[in-house]
Amino acid sequence: MRTRLLPLALALCACAAAQAAMRLPLLEEGQGAEAVTAALVAEADTLARETPLVATLEVETPATLEADLPGLRERLRGFAVVEEFPAGRTEANGRARAVWRLRLTPGPEGPWRLMPFVLTLHDARTGEARQALTHAVAFPEPPPLPEAAGSPECDLAPEWVAPGWRTFGLWALWAALAAALAAALWPLLRRAKRALHERTLSPEERARLELGRLMAEGLLAQGRVKRFYYGLTGVVRRYFERAHALRATRQTTQEFLAGLAAEPTVAQRSRDALAAFLAAADRIKFAGIDGTAAEAEAAAGAAQALIADDAERLRATRPDGARPA
């Protein structure tokens, strides 16, 4: 009795295995003995992530045709191709069956598909070749991964680690460098800010500011009278250059006075006072005459009065406060 049941059990197992296999049709062309079919048959009925899948690509044609399969590595989506090789061709009853073996590893993410590819059919009788295009097939999605249960094995919360002495040393070095750079740049920034502010002042205000700066240098207390006269004439020349659009700072005294005589915006009394002031200053600067501190202070007062008188006359002739172009 057991001997009779054994073949039946084997047949049932084979039938169950055949039903469990995954078969995905790729091509159905023609009918009867001239039909051309292609299918992908897998040994498992489902996919499992990162578990190898053994599949067979079967192409059945008339015996007079020979199928040529292109490489499928670029046509598979969601798979890594481990092996791909032809497994032979058989003929029976006027039909031919060509087989290719594939060993695939499904990736963690889909979609898992075989895209269309071109199957070339060579006719042994005529030597001609024709092509057949398969259609895309989708593999059934694998079951979802089980959800992780329980608490995590490690605590991913950040933990503060105190820096070492080397880190503190680097911080102190960078802080010292930043402080040194700020100390070096601060006078330059103050000077630039002061220069920008001075450019917004009127010629009289700038001359008064420069004169006060010259007096603050203490040149007279140091006995440097000639150096004081150089600075004082520079203040006066720069004032007339700014107030009357002259080139006073780049001319000799004679050239400066000659240009001033042709300038209608300068009053005659200002020309006379300026000529007397510059002549007295040139005697100290170039004639080798030693001036006293009292004379230098008097010259500074004369320069201040000269500038104030000219500025007052300009304000009277320019009530809108316009400056020369």
Side-chain angles (χ1 to χ4, degrees), residues 183 186-319 321-325:
W186 180 247
L188 299 177
L189 294 176
R190 289 188 60 185
R191 187 179 304 173
K193 183 179 179 181
R194 183 177 62 187
L196 183 62
H197 172 68
E198 289 183 8
R199 290 181 65 88
T200 63
L201 300 177
S202 67
E204 181 187 10
E205 292 171 336
R206 293 186 68 175
R208 190 182 302 116
L209 183 64
E210 293 176 357
L211 185 58
R213 194 178 300 155
L214 177 63
M215 299 298 294
E217 291 183 12
L219 296 176
L220 298 180
Q222 301 171 15
R224 303 171 63 184
V225 178
K226 182 180 291 189
R227 176 69 183 85
F228 178 82
Y229 271 94
Y230 273 103
L232 184 61
T233 54
V235 171
V236 175
R237 282 174 174 266
R238 285 191 294 273
Y239 165 76
F240 278 94
E241 184 178 80
R242 295 163 183 157
H244 299 281
L246 300 174
R247 297 180 58 187
T249 58
R250 300 185 181 182
Q251 295 176 333
T252 64
T253 301
Q254 291 75 15
E255 293 172 343
F256 175 39
L257 293 176
L260 204 64
E263 180 59 41
T265 59
V266 182
Q268 185 61 43
R269 67 174 183 271
S270 297
R271 298 194 192 107
D272 296 339
L274 182 61
F277 169 79
L278 292 178
D282 285 349
R283 286 195 294 271
I284 302 297
K285 292 163 56 179
F286 306 116
I289 299 176
D290 295 332
T292 63
E295 294 174 344
E297 290 180 356
Q304 187 172 4
L306 176 63
I307 293 172
D309 180 69
D310 185 76
E312 181 65 26
R313 196 191 68 82
L314 286 179
R315 282 193 292 270
T317 57
R318 299 171 183 166
R323 299 183 184 180

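Only this structure's heavy atoms are used, side chains among them; waters, hydrogens and symmetry mates stay out. Start at 1 with the first residue, then count along the sequence.
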Q: Before giving the answer on side-chain contact (heavy atoms from CB on, under 4.5 Å), spell out for L257 and R271 the whole-Å C-alpha distance, their side-chain angles and the decisive distance to 0.1 Å.
A: CA-CA 8 Å; L257 293 176; R271 298 194 192 107; over 6 Å; no

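By the side chain to side chain contact (heavy atoms under 4.5 Å, CB included) test, F286 pairs with Y230, D282, sequence neighbours left out. Checked against side chain to side chain contact (heavy atoms under 4.5 Å, CB included), A276 has no partners two or more places apart in sequence or in another chain. For R206, there are no salt bridge (Lys or Arg N to Asp or Glu O under 4.0 Å) partners at least two apart in sequence or on another chain. Applying the side chain to side chain contact (heavy atoms under 4.5 Å, CB included) rule to A303 yields the partners L232, V236, F277; only residues at least two apart in sequence or on another chain are considered.
Closest heavy-atom contact between A296 and F228: O-CE2, 3.5 Å. Between A243 and L314, the shortest heavy-atom contact is CB-CD1, 3.9 Å. A pairwise comparison of heavy atoms in A293 and L220 identifies O-CD1, 4.0 Å as the closest pair. Closest approach of R237 to T252, counting heavy atoms only: NH2-C, 3.6 Å.
Taking CD of Q254 as the reference point, atom CG of L278 lies at 9.5 Å (rounded to 0.5 Å).
Screening residues 296-309 for side chain to side chain donor-acceptor pair (under 3.5 Å), with sequence neighbours left out, gives R269-D309.
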Name each donor-acceptor pair under 3.5 Å that joins a side chain in residues 208-219 to protein atoms two or more places apart or in another chain, with its distance.
unit_1 : atom_1 : unit_2 : atom_2 : d
R208   : NH2    : E204   : OE2    : 3.0
E210   : OE1    : R238   : NE     : 3.1
E210   : OE1    : R238   : NH2    : 3.3
E210   : OE2    : R242   : NH1    : 3.1
E210   : OE2    : R242   : NH2    : 3.1
R213   : NH2    : E198   : OE2    : 2.4

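With T233 contributing its side chain and Y229 its backbone, the two residues share a donor-acceptor pair below 3.5 Å.
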